[in-house]
2 protein chains.
Amino acid sequence: MVTSGKPQGAPEPAGESCRLPWPFDVYEAQCPTRMVLDRIADKWAVLILDRLRDGPVRFNHLRRDIKGISQKVLSQTLKKLERDGLLSRAVFPTVPVTVEYALTPLGRTLTDAVAAIAHWAERNMDAVLAAQAAYDARAGGDPG
Amino acid sequence: MVTSGKPQGAPEPAGESCRLPWPFDVYEAQCPTRMVLDRIADKWAVLILDRLRDGPVRFNHLRRDIKGISQKVLSQTLKKLERDGLLSRAVFPTVPVTVEYALTPLGRTLTDAVAAIAHWAERNMDAVLAAQAAYDARAGGDPG
DNA sequence: CAGAATCCTGTTAGATACTG
DNA sequence: CAGTATCTAACAGGATTCTG
């Protein structure tokens with residue numbers, strides 16, 4: 001048991017490092033925006049945030065929808081996103097217990113940008129695939 | 001329930017990859033969009049793409065601007081982004097050699113979304129920091 | 001159902017040194 | 001300047017097990 005009251009995933013001291021007045025600069029290594037960027041620039045976080053756009057979703061529902069995510073990673077990611085104030089967690093004392101996750105107002109301001117990323121991937125997949133094929137043909141099979 | 005109209009019944013033909021007719025679905029574990037999402041939902045990729053918005057930038061210039069990135073990671077990320085067709089690499093036979101990276105038209109369609117993420121982090125840093133503090137106070141030191 | 005704890009492994013990133 | 005190669009430490013993440 002290594003935790004001293006906090007989950008294993010987020011031992012970073014928040015806010016004390018970068019004392020830039022304003023605005024924050026993501027290009028600065030010590031700026032806290034880097035941490036946020038690292039959080040939201042994450043495949044699973046993107047999918048979760050996008051998934052919650054339609055409304056609250058239960059834990060196992062998210063797990064089923066976001067195919068390939070493990071329970072552990074889902075749990076961790078949800079916790080981090082909750083800590084960042086991007087989503088809220090509501091527990092209903094049913095039996096068995098029901099837990100719903102939903103976007104907070106702050107989270108909602110982000111999901112548009114995040115959804116844009118996900119949708120871009122879907123829309124431009126063909127072009128990316130073609131570019132990869134061209135690159136591989138160039139690098140792998142064309143010595144002369 | 002707001003289940004989106006997805007080609008859920010699409011049979012998985014072979015072990016190759018997801019060959020859904022259209023559109024690609026990022027929620028499918030085997031969909032190639034997952035790979036793209038993993039690529040562009042990356043802290044360094046976001047910073048690089050955003051940095052190239054103003055025009056071509058040389059390797060070491062990027063390295064200096066994006067503080068904290070190692071030359072190895074920069075090199076790797078650039079190569080992947082180039083392979084995906086998001087940016088181009090131009091070599092000038094000067095002495096010493098000069099290499100410029102620039103966004104491709106495809107990359108340019110992405111950078112707006114990507115920049116939105118980076119800018120969101122800068123603009124909403126305060127709110128996130130506050131949320132984290134509240135969460136930590138709740139979880140770490142407020143048993144009652 | 002929702003999640004925590006444990007174990008274990010593959011990937012990654014950082015540092016360092018070398019090349020053209 | 002613009003990389004590549006290598007080695008190692010750290011961590012992320014999957015599978016499994018257990019709980020309320």
Side-chain angles (χ1 to χ4, degrees), chain A residues 1-12 29-30 34-35 37-48 51-52 56-83 87-102 139-140, chain B residues 29-30 34-35 37-39 41-48 51-52 56-83 87-102 135 139-140:
Chain A
M1 222 75 76
V2 65
T3 55
S4 51
K6 224 180 298 183
Q8 58 189 31
E12 303 113 67
Q30 259 57 44
R34 276 290 177 84
M35 182 196 60
L37 189 60
D38 207 26
R39 178 84 16 97
I40 62 185
D42 170 70
K43 179 174 63 176
W44 300 123
V46 165
L47 290 173
I48 290 171
R51 199 61 186 145
L52 292 176
V57 182
R58 284 184 300 104
F59 184 86
N60 275 347
H61 199 144
L62 279 172
R63 187 141 94 104
R64 278 191 302 270
D65 286 348
I66 303 174
K67 298 187 176 62
I69 196 172
S70 70
Q71 172 269 326
K72 180 187 175 184
V73 171
L74 176 58
S75 179
Q76 282 176 169
T77 309
L78 285 171
K79 197 175 292 184
K80 289 175 185 172
L81 292 174
E82 184 195 358
R83 188 174 106 102
L87 53 83
S88 60
R89 179 176 176 273
V91 182
F92 300 94
T94 56
V95 42
V97 65
T98 299
V99 179
E100 274 189 358
Y101 290 90
Chain B
Q30 258 57 43
R34 274 290 177 83
M35 181 196 60
L37 189 60
D38 207 25
R39 177 85 16 95
D42 171 70
K43 179 175 61 176
W44 300 123
V46 165
L47 290 172
I48 290 172
R51 190 69 193 83
L52 292 177
V57 182
R58 285 184 299 103
F59 183 87
N60 274 347
H61 199 143
L62 279 171
R63 187 141 93 105
R64 278 192 301 271
D65 286 349
I66 302 173
K67 298 188 177 63
I69 196 172
S70 69
Q71 130 275 20
K72 178 188 176 183
V73 171
L74 177 59
S75 179
Q76 285 175 350
T77 308
L78 286 171
K79 195 174 293 183
K80 289 175 185 173
L81 291 174
E82 184 195 358
R83 188 175 106 99
L87 54 83
S88 61
R89 179 175 175 273
V91 182
F92 300 95
T94 55
V95 183
V97 66
T98 298
V99 179
E100 274 188 0
Y101 291 90
Y135 182 95

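Residue numbering restarts at 1 for every chain, and letters A, B, ... go by the order of the sequence lines.
Of the residues near DNA chain D, A:Gly68 and B:Phe59, the one whose nearest nucleotide (by heavy atom distance) lies more toward the 5' end is B:Phe59. Comparing A:Val91 and B:Ile69 by the nucleotide of DNA chain C whose heavy atom lies nearest to each, the residue mapping closer to the 5' end is A:Val91.
Looking at heavy atoms from C-beta onward, A:Ile48 lies out of side-chain contact with A:Val57 at the 4.5 angstrom threshold. Proximity of A:Asp42 to A:Asp38: side-chain heavy atoms (C-beta onward) are nowhere separated by under 4.5 Å. Looking at A:Leu62 and A:Arg51, their side chains come closer than 4.5 Å, going by heavy atoms from C-beta outward. Side chains of B:Ile69 and B:Leu47 form no contact here, defined as non-hydrogen atoms less than 4.5 Å apart.
Among A:Arg39, A:Met35, A:Arg34, the one residue that satisfies the side chain to side chain contact (heavy atoms under 4.5 Å, CB included) test with B:Lys43 is A:Arg34.
Residue contacts shown for B:Lys79 are limited to sugar-phosphate atoms, with no base heavy atom under 4.0 Å away.
One can place CG of B:Asp65 at 13 Å from P of D:dC1, the figure rounded to the nearest angstrom. Distance, A:Arg39 CZ to D:dC11 C1': 14 Å, rounded to whole Å. Atoms CG (B:Leu78) and C1' (C:dA13) sit 16 Å apart, rounded to a whole Å. Note: CD (A:Glu100) to P (C:dA2) measures 9 Å, nearest angstrom. The nearest whole Å value for the distance from the CZ atom in B:Phe92 to the C1' atom in D:dA2 is 14 Å. Atom CZ in B:Arg58 sits roughly 8 Å away from atom C1' in D:dC1 (whole-Å rounding). Taking atom NZ on A:Lys67 and atom P on D:dG13, their separation rounds to 20 Å, with Å as the unit. Whole-Å rounding puts the A:Leu87 CG to C:dA2 C1' distance at 15 Å.
OP1 and OP2 of D:dC1 both lie 4.0 Å or more from every side-chain N or O belonging to B:Tyr101. Between B:Arg63 and D:dA2 there is no side-chain polar atom (N or O) within less than 4.0 angstrom of OP1 or OP2. A sub-4.0 Å separation between OP1 or OP2 of C:dG3 and a side-chain N or O of A:Arg89 is present.
To the nearest 0.5 angstrom, B:Lys79 atom NZ is 8.0 Å from B:Tyr101 atom OH. Atom CG in B:Leu78 sits 11.0 Å away from atom NZ in B:Lys80 (nearest 0.5 Å).
Checking D:dG13, D:dA2, D:dT4 against every side-chain atom of B:Thr98, the shortest atom distance belongs to D:dA2.
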Under 4.0 Å protein heavy-atom contacts per nucleotide of nucleotides 15-20 of chain D, with B for base, S for backbone only and - for none: BB---B

